[in-house]
Amino acid sequence: QVQLVESGGGLVQAGGSLRLSCAASGGTFSRYGMGWFRQAPGKEREFVAAISRSSGSTYYADSVKGRFTISRDNAKNTGYLRMNSLKPEDTAVYYCAASRLANPSPPYTDYDYWGQGTQVTVSS
């Protein structure tokens with residue numbers, strides 16, 4: 001059983017940057033693919049980015065491609081989402097998720113464990 005805790009959210013102006021962290025415990029982090037999702041008020045949870053177990057493969061939603069970077073440090077049992085050039089439409093609760101798949105893809109059904117989320121608010 002893997003526990004995930006997100007941190008790093010907050011309030012930022014449009015054009016600014018944030019780095020989210022996802023600390024994992026209770027399992028061998030390097031055995032799991034990892035992803036980030038987000039959910040804005042009144043909207044469904046949507047895929048943001050994913051990274052394979054060994055960081056060899058990454059995948060991004062078109063809406064964040066070129067602005068967000070997913071990474072991980074298996075030695076620290078931590079995943080990251082670097083968000084640059086933030087826009088008001090990026091405002092959402094951001095969730096990290098772990099997958100038993102080596103190279104998970106967008107469907108949320110690929111993921112087995114979820115964090116509680118961290119709020120990101122981008123003001124215009």
Side-chain angles (χ1 to χ4, degrees):
Q1 186 81 9
V2 176
Q3 290 83 45
L4 303 172
V5 178
E6 302 94 338
S7 61
L11 174 64
V12 64
Q13 289 187 334
S17 299
L18 284 174
R19 188 180 79 160
L20 305 183
S21 298
C22 176
S25 62
T28 304
F29 184 59
S30 60
R31 293 182 179 175
Y32 296 88
M34 186 194 151
W36 287 92
F37 289 73
R38 66 187 182 186
Q39 188 167 18
K43 295 187 177 181
E44 294 186 352
R45 190 171 299 190
E46 65 171 350
F47 171 80
V48 175
I51 188 167
S52 62
R53 289 173 182 167
S54 63
S55 303
S57 297
T58 56
Y59 192 96
Y60 295 93
D62 288 342
S63 59
V64 305
K65 201 171 294 183
R67 300 188 298 123
F68 291 13
T69 303
I70 188 171
S71 62
R72 62 191 294 163
D73 186 337
N74 288 341
K76 295 183 178 180
N77 292 334
T78 303
Y80 304 97
L81 184 68
R82 176 69 180 182
M83 307 184 294
N84 295 329
S85 302
L86 283 161
K87 305 174 181 179
E89 51 263 43
D90 294 317
T91 295
V93 177
Y94 283 71
Y95 300 88
C96 70
S99 171
R100 294 189 183 98
L101 299 175
N103 193 8
S105 56
Y108 72 90
T109 50
D110 275 10
Y111 299 84
D112 304 286
Y113 305 101
W114 294 83
Q116 294 300 306
T118 185
Q119 176 71 46
V120 172
T121 303
V122 184
S123 63
S124 57

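We use all heavy atoms of the structure for the numbers below, so side chains are in, but hydrogens, waters and symmetry mates are not. Positions are given from 1, in the same order as the sequence printed here. Nothing here was measured: the structure is a model prediction, and the numbers come from that model.
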Query raised in the report: Given side chains that start at C-beta, do those of L4 and M34 come closer than 4.5 Å, heavy atoms only?
Result: no
Query raised in the report: OG1/T58 to CG/N103 distance, rounded to the nearest 0.5 angstrom?
Result: 9.0 Å
**Report entry** Pair W114 and F37, ring centroids less than 6.0 Å apart
**Finding:** yes
Requested in this report: Identify the heavy atoms of L20 and M83 that sit nearest to each other, and give their distance.
Outcome: CG-CE, 3.8 Å
Requested in this report: Determine yes or no for a side-chain-to-main-chain donor-acceptor pair under 3.5 angstrom, with N77 supplying the side chain and G26 the backbone.
Outcome: no
Query raised in the report: Do R82 side-chain atoms and T69 backbone N/O form a donor-acceptor pair below 3.5 Å?
Result: no
Query raised in the report: Any donor-acceptor pair under 3.5 Å linking the side chain of S99 with the backbone of G33?
Result: no
Query raised in the report: Which of these, F29, Y95, Y80, W36, sits in a side chain to side chain contact (heavy atoms under 4.5 Å, CB included) with C22?
Result: W36
Query raised in the report: Are any side-chain N or O atoms of E6 and backbone N or O atoms of T118, one a donor and one an acceptor, separated by less than 3.5 Å?
Result: no
Requested in this report: Take R67 and D90, measure what side-chain contact (heavy atoms from CB on, under 4.5 Å) needs, and give me the verdict at the end.
Outcome: CA-CA 11 Å; R67 300 188 298 123; D90 294 317; 2.7 Å; yes
Query raised in the report: If you look at every heavy atom in I70 and G35, which pair is closest and at what distance?
Result: CD1-CA, 4.5 Å
Query raised in the report: Does OH in Y108 sit with more than 12 non-hydrogen atoms of other residues, nucleotides or ligands closer than 6.0 Å?
Result: no
Report summary line: Of all heavy-atom pairs linking A24 and V2, the shortest is CB-CG1, 4.3 Å
Query - Check: Y59 and S105 side chains under 4.5 Å, non-hydrogen atoms - result: no
Report summary line: dist Q119:CD -> R38:CZ (nearest 0.5 Å) comes out at 12.0 Å
Query - Neighbour count >12 (heavy atoms, 6.0 Å) for atom NZ, K65 - result: yes
Requested in this report: Return yes when atom CD of E46 has more than 12 non-hydrogen atoms of other residues, nucleotides or ligands closer than 6.0 Å, and no otherwise.
Outcome: yes
Query raised in the report: Should F68 and L86 be marked as a side-chain contact (heavy atoms from CB on, under 4.5 Å) after you check the CA-CA gap, both sets of side-chain angles, and the distance that decides it?
Result: CA-CA 9 Å; F68 291 13; L86 283 161; 3.8 Å; yes
Query raised in the report: Do you know the tightest heavy-atom contact between L81 and Y94?
Result: CD2-CD2, 4.1 Å
Query raised in the report: If only atom types and distance count, is the side chain of T91 paired as donor or acceptor with the main-chain N or O of V122 below 3.5 Å?
Result: yes
Report summary line: Nearest heavy-atom contact between P104 and I51 is CD-O, 4.0 Å
Query - Exam field: side chain R72 to backbone S52, donor-acceptor pair closer than 3.5 Å - result: yes
Report summary line: Heavy-atom closest pair (V93 atom, G117 atom, distance to 0.1 Å) is CG1-CA, 3.8 Å
Query raised in the report: So, R100 side chain and R31 main chain: donor-acceptor pair closer than 3.5 Å or not?
Result: no
Report task. Compare all side-chain heavy atoms of K76 with those of S21 and state whether any distance is below 4.5 angstrom. Result -> no
Query raised in the report: Any side-chain heavy atom of S30 sitting closer than 4.5 Å to one from R53?
Result: no
Query raised in the report: Would you say the side chain of Y111 lies within less than 4.5 Å of the side chain of L101, judging by non-hydrogen atoms?
Result: no
